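On a predicted model such as this, the values are computed, not experimentally measured, just so you know. Lettering of chains follows the sequences in order, A, B, ..., and the numbering in each one begins at 1.
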Amino acid sequence: MIEFKDPSILKALEKAVSDTFEGIAFAQILETKLIQTPVARKEGAYCSFIELTAPVKLRLFMLMSHDHLIECFSGVYPDMDLEKVPQEVYDDFVNELTNTIAGHFMSLVCPEKQDMVIGLPVHPSNADIDAGLTPSENTTLVYYLIEEHDLFVSLMPSE
Amino acid sequence: MFKRILLVDDSLSARMIIRQYLEIVGCQGAEFKEAQNGQKAIEALKEASFDLIVTDMNMPVMDGNEFLKRVKASPKYNRIPVIIISSAANKDNEKHFMKFGANYVIGKPVSPQLLHEAITSLQD
């Protein structure tokens with residue numbers, strides 16, 4: 001059973017987030033903070049969650065701002081006309097970022113010689129988003145300042 | 001130089017990123033065929049020939065694990081080199097995939113340098 005507030009777990013999560021955004025956008029984490037109070041849903045933000053099913057069962061949720069996503073995307077595709085990119089591609093991109101963070105996190109926290117099973121990323125409902133942004137005894141919500149952008153990642157038990 | 005590459009990943013943006021990196025690291029001029037899962041990739045293999053497969057692991061319908069096993073079990077396809085790109089790559093997974101015939105395992109986010117090393121090594 002993973003203790004979501006265990007320092008080693010939070011360190012692994014930070015490394016997963018850091019490696020992902022450094023790899024995608026050469027962006028660094030400037031600040032990390034455990035959030036103790038609910039965060040309001042952000043208009044236009046991109047969110048995704050993924051269920052990790054083995055050897056641990058938990059959900060990893062991520063929220064990033066529209067501007068942050070566009071900046072990351074344009075970093076990968078500097079020559080692309082962003083206005084011509086279909087919405088589904090941006091939705092898919094945030095799913096892929098969440099998938100990358102989740103897989104990397106899992107590989108850091110899980111004991112070796114254990115099979116890792118990761119679900120597919122899911123576009124969350126408003127209820128899922130609210131749950132993801134509400135810290136509790138069972139839900140750990142972490143804020144990261146990545147360059148100038150706010151990123152929220154939470155861990156909670158799988159349903 | 002690889003001329004026909006089968007790129008397998010359920011994520012459209014992942015396919016776009018990997019394709020772009022492959023073109024940067026020495027596969028410019030290659031023809032790419034994209035498949036969203038292992039099942040679609042098997043269908044693509046039946047319709048055309050490829051000299052490189054780059055595949056994700058975590059996909060719906062048929063995941064990369066099953067796809068890899070089928071490719072390596074087939075006398076027709078088992079000589080095609082396979083690069084695995086996985087979000088959950090660790091040493092044990094890597095050994096597992098190599099045991100089933102993968103040539104390289106690269107974790108996500110993909111490092112262009114590691115991809116370059118893999119491509120260069122496979123082309124030699």
- Hey, which residues of residues 32-47 of chain A are touching chain B, say heavy atoms under 4.5 Å apart? none

- For A:Asp6 and A:Ser8, does a side-chain donor sit closer than 3.5 Å to a side-chain acceptor? yes

- Query: Who passes side chain to side chain contact (heavy atoms under 4.5 Å, CB included) against B:Arg19, sequence neighbours left out?
  - Reply: B:Leu7, B:Glu23, B:Phe32, B:Glu34

- Message: Looking at A:Arg59 and A:Met156, would you say the former's side chain and the latter's main chain have a donor-acceptor pair under 3.5 Å?
- Response: no

- Message: Using the rule given for salt bridge (charged side-chain N to carboxylate O under 4.0 Å, His left out), can you reason through B:Lys108 versus B:Asp9, listing the C-alpha separation, both sets of side-chain angles and the distance that settles it, and then say yes or no?
- Response: CA-CA 12 Å; B:Lys108 285 182 178 177; B:Asp9 197 311; 3.2 Å; yes

- Query: Between B:Tyr104 and B:Ser121, does a side-chain hydrogen bond (donor to acceptor under 3.5 Å, both in side chains) hold up when you go through it step by step?
  - Reply: CA-CA 10 Å; B:Tyr104 278 92; B:Ser121 175; 2.7 Å; yes

- Task: Please list, in residue-number order, every residue in residues 121-135 of chain A that has a heavy atom less than 4.5 Å from any heavy atom of chain B; write 'none' if there are none.
- Result: none

- Note on the structure: Against chain B, residues from residues 19-31 of chain A with at least one heavy atom under 4.5 Å, in numeric order, are A:Asp19, A:Thr20, A:Gly23, A:Ile24

- For A:Leu82, does its backbone N or O pair with a side-chain atom of A:Tyr77 as donor and acceptor, under 3.5 Å? no

- Determine the option with the most heavy-atom pairs under 4.5 angstrom with chain B, choosing from A:Val76, A:Leu120, A:Val89. A:Leu120

- Kindly give the heavy-atom pair with the smallest separation between B:Thr55 and B:Val82, and that separation in Å. CG2-CG1, 4.0 Å

- Query: Is the side chain of B:Asn37 donor-acceptor paired with the backbone N or O of B:Met59 at a distance under 3.5 Å, no angle test?
  - Reply: no

- Message: Is B:Asp63 close to chain A through its backbone or its side chain, or both, or neither, when contacts mean heavy atoms under 4.5 Å?
- Response: neither

- Query: Relative to chain A, which segment of B:Ser111 carries a heavy atom at a distance below 4.5 Å: side chain, backbone, both, or neither?
  - Reply: neither

- Task: Hey, can you tell me if A:Tyr90 and A:Phe73 have their rings parallel, tilted or perpendicular (30° and 60° cut-offs)?
- Result: perpendicular

- Item | Ring-face cation contact, B:Phe100 with B:Lys72, 6.0 Å cut, 45° max | no

- Looking just at side-chain N and O atoms, do A:Glu96 and B:Ser13 make a donor-acceptor pair shorter than 3.5 Å? no

- Message: Would you say that more than 12 heavy atoms from the other residues, nucleotides or ligands in this model lie under 6.0 Å from the NZ of B:Lys69, or not?
- Response: yes

- So, B:Ser74 side chain and B:Val71 main chain: donor-acceptor pair closer than 3.5 Å or not? no

- Message: Counting only heavy atoms from other residues, nucleotides and ligands, does the tally under 6.0 Å from CZ of B:Arg79 exceed 12?
- Response: no

